[in-house]
Protein chains: 2
Amino acid sequence: MNKNKDVAGEEPSGALMADVARLAGVAISTVSRALANPGRVNEKTRAKINAAARQLGYTPNAMARGLRVGKSNIIMIILPGSLYYGASQIIPQVLQSINKSLIQGGYNLMIANLDRDEISERHILDLAFGGSVRGAIILSSKLPEVDGRSLANSGLPIVSMLLDMSDAGLQSVITNDREAVRDVTAELIRLGHRQFFYLAGPEGNYHDVERYGGVLEALEAAGLSEGSVRRSGGHLDYQHGFDIGVQAADDFAKLTEKPTAVIATSDDMAISFVSRIQRTGLSIPGDVSVVSFDGSPVCEFCSPPLSTIKQPVEEMGRAAVDLLLGAIDQRETTAAVRTVIHSELILRESIGPTKN
Amino acid sequence: MNKNKDVAGEEPSGALMADVARLAGVAISTVSRALANPGRVNEKTRAKINAAARQLGYTPNAMARGLRVGKSNIIMIILPGSLYYGASQIIPQVLQSINKSLIQGGYNLMIANLDRDEISERHILDLAFGGSVRGAIILSSKLPEVDGRSLANSGLPIVSMLLDMSDAGLQSVITNDREAVRDVTAELIRLGHRQFFYLAGPEGNYHDVERYGGVLEALEAAGLSEGSVRRSGGHLDYQHGFDIGVQAADDFAKLTEKPTAVIATSDDMAISFVSRIQRTGLSIPGDVSVVSFDGSPVCEFCSPPLSTIKQPVEEMGRAAVDLLLGAIDQRETTAAVRTVIHSELILRESIGPTKN
DNA sequence: CGATTTATTGCAAACGTTTGCCAAAAACTG
DNA sequence: CAGTTTTTGGCAAACGTTTGCAATAAATCG
């Protein structure tokens, strides 16, 4: 009842624009203009108003502003699952880079987690349709959609990262996974390798399809059959990379005819795989060459140091934000829909020529 | 101008409560009550309203609601710096766990990055005083404060994590760093070690003080002098853990009288340190025992597997959220101000008795 | 059956901004 | 100096909810 009546300011929270106006002796609308607009108000009054605002410790109410102008300054990022995958820093790095770019543009970052359940989908849709957010970046997932509402027709600008959804008309920032894997596989072939072992993340997953596709392309180009590569894993999420690697090492041990080159689709898999097969007496790269995906810094300090395909996450984050803010400001609405950022192959001692 | 006039709904975005009311043939206020309040409206009308709402794909506008009730449902987490520290997943794990608990409570998580600059402090204060957020969790940092405004008197419920600010009256969720380090040091002493090497994060940092303090306590308890431990590092942030370890390995190499036990204050430091000193021909734990901090999963797959003090981050996150939501709901305002969550020492092969 | 309570709904005033429109004042213009 | 343009500042109407209050309808009671 008597919260913010004109009797007295009791709570420390909340000098209003009206208070500033009163103190400065001007109208409330003038205060608004003084604080936001550039040249709409006389310099002298502006100074008076600024002084009053500072004296009162005035901070404009973001929700009132948002309601009035019909926009928020929050961007949400939709993450597919856990924020951390073993040693792989993909998600945190993306987050960091996005947040940084966003702040520079005056926006805030909100995290939305897209678990498999309907609850979280609904939650995200509420955020989108409820006007809470101004745009969305979606990481490696399809658009949430439940009872008729879909993120696609929320009217929000959306950018997809890591997953190519350009055919659905979504701006997509992706890496050249397929090409990168093709190249590294070709390099392994050049080094004499003919039998490959491929550690998969979730089967059918976009990354899996692309990366495995890259392997096959390289094999074909070299005239090798599809049978030259054996798959392991495929039923666990990337989040369980270490487990996949451990499991794969078991699988590997059981093989009578051992592949000489291993392509892991995350650093985690490679690390645990290497750790396990070293125990069985195999040496790297003497017996087995290993290359993996992600570019985690820790790879440099493994023994032997691991070759890895570095995901250009920071640039991807920046690019995604640029595209998103561009769409918000309605610049370049019709620009190229797919942005490919190139991965970088980091060659280290875990790769070598075959013995014979 | 003619955005949402009553002429026609052009934009796909935005069925309003008024639309639902019209379709259901009731007043707008009835709709509001039907959707939120429990038994304030007749079941039949409620059904009609729900049907209408679903048909229109209605989603309440969060900012309008927030403005009216004077509360938002956003919690901000204030992070001290980078989101990722090498292989240590502390921050992402905390984020994950906090976000999960928050969503269950109906809140959303916003990320605020507290860099050293004044800009970011001001930004955080704007968020706090601008009514955008309902509460804050602050990670391992002091409260931002600039031109008279301080987070402390924003009226927001705040919980401090990792940094003990209970003396400032802030609910603090911390780990027993000092005790954990004391125990592990004592264990090393029991194994015969008498000369220690301590890898520090930023000097004077709360964690550094606590952890180094733990070492000293153990030494004293065993009757060893403070001179039994040498420090390395101290000028770089934890973010550069790998660099610290590399540098420390150089320092170590230069020592004529080599310590036999190393206590690293992050897994990153330990990993790069180990990698480097192994190259100089030293063996672990034969020549040097190593223990570190954080409990990164990757430690299990290092060679040798690293002993580490596992930070109970998930529980800390949960605890912090519980406290925060408690404060928001004004339950238990006067509960214990300090919550200590216990670390877990994971002993692996990187630790062993001294040779002689 | 009239009186009193209770359940249900509607009206209208908030919440704290922004902004279109208008009026007054100031600055030019011829 | 009257007429015209440009600055400047105020009024009041939004933005889309929630909620106190009042009104009506239904139910209960003596």
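The chains referred to below are lettered A, B, ... by the order of the sequence lines, with proteins before strands, and numbering in each begins at 1.
Across all their heavy atoms, Pro144(A) and Glu121(A) have their closest contact at CA-OE1, 3.5 Å. When every heavy atom of Val313(B) is checked against every heavy atom of Ser97(B), the shortest pair comes out as O-OG, 4.1 Å. Contact between Met165(B) and Lys142(B) at its shortest, heavy atoms only, is CE-CA, 4.2 Å. Nearest heavy atoms, Ser140(A) versus Leu162(A): CB-CB, 4.2 Å.
Listed nucleotides dT9(C), dT18(D), dC15(C) differ in distance to Leu67(B); the shortest reach to its side chain belongs to dC15(C). Of the candidate nucleotides dG10(C), dT19(D), dT8(C), dG10(C) has the atom lying nearest to any side-chain atom of Val26(B). Out of dG9(D), dG10(C), dT18(D), the shortest distance to the side chain of Val69(B) is found at dT18(D). In this structure, of dT19(D), dG9(D), dG16(D), it is dG16(D) that holds the atom nearest to the side chain of Ala64(B). For Ser29(B), whose side chain is taken as the heavy atoms from C-beta onward, the closest listed nucleotide among dG9(D), dC11(C), dT18(D) is dC11(C).
Residue Met17(B) contributes atom CE, which lies 11 Å from atom P of dT19(D) at whole-angstrom precision. In this structure, CG of Leu16(B) is placed 14 Å from C1' of dT18(D), rounded to the nearest angstrom. Whole-Å rounding puts the Ile28(B) CD1 to dA13(C) C1' distance at 13 Å. Separating the CG atom of Asp126(A) from the P atom of dT17(D) is a distance of 13 Å, rounded to the nearest angstrom. The CZ atom of Arg65(A) sits 13 Å away from the C1' atom of dC15(D) (whole-angstrom rounding). Note: CZ (Arg33(A)) to C1' (dC11(D)) measures 10 Å, nearest angstrom. The separation between Lys48(A) atom NZ and dT8(D) atom P is 13 Å, rounded to whole Å. Distance, Asn42(A) CG to dA24(C) C1': 15 Å, rounded to whole Å.
Nucleotides of DNA chain D nearest to Thr45(A) and Asn61(B) differ in position, and the one nearer the 5' end is that of Thr45(A).
If you run side chain to side chain contact (heavy atoms under 4.5 Å, CB included) between Met110(B) and each of Leu127(B), Ile78(B), Ile75(B), Ile77(B), only Leu127(B) comes through.
Under 4.0 angstrom from either OP1 or OP2 of dT17(C) there lies at least one side-chain N or O belonging to Tyr58(A).
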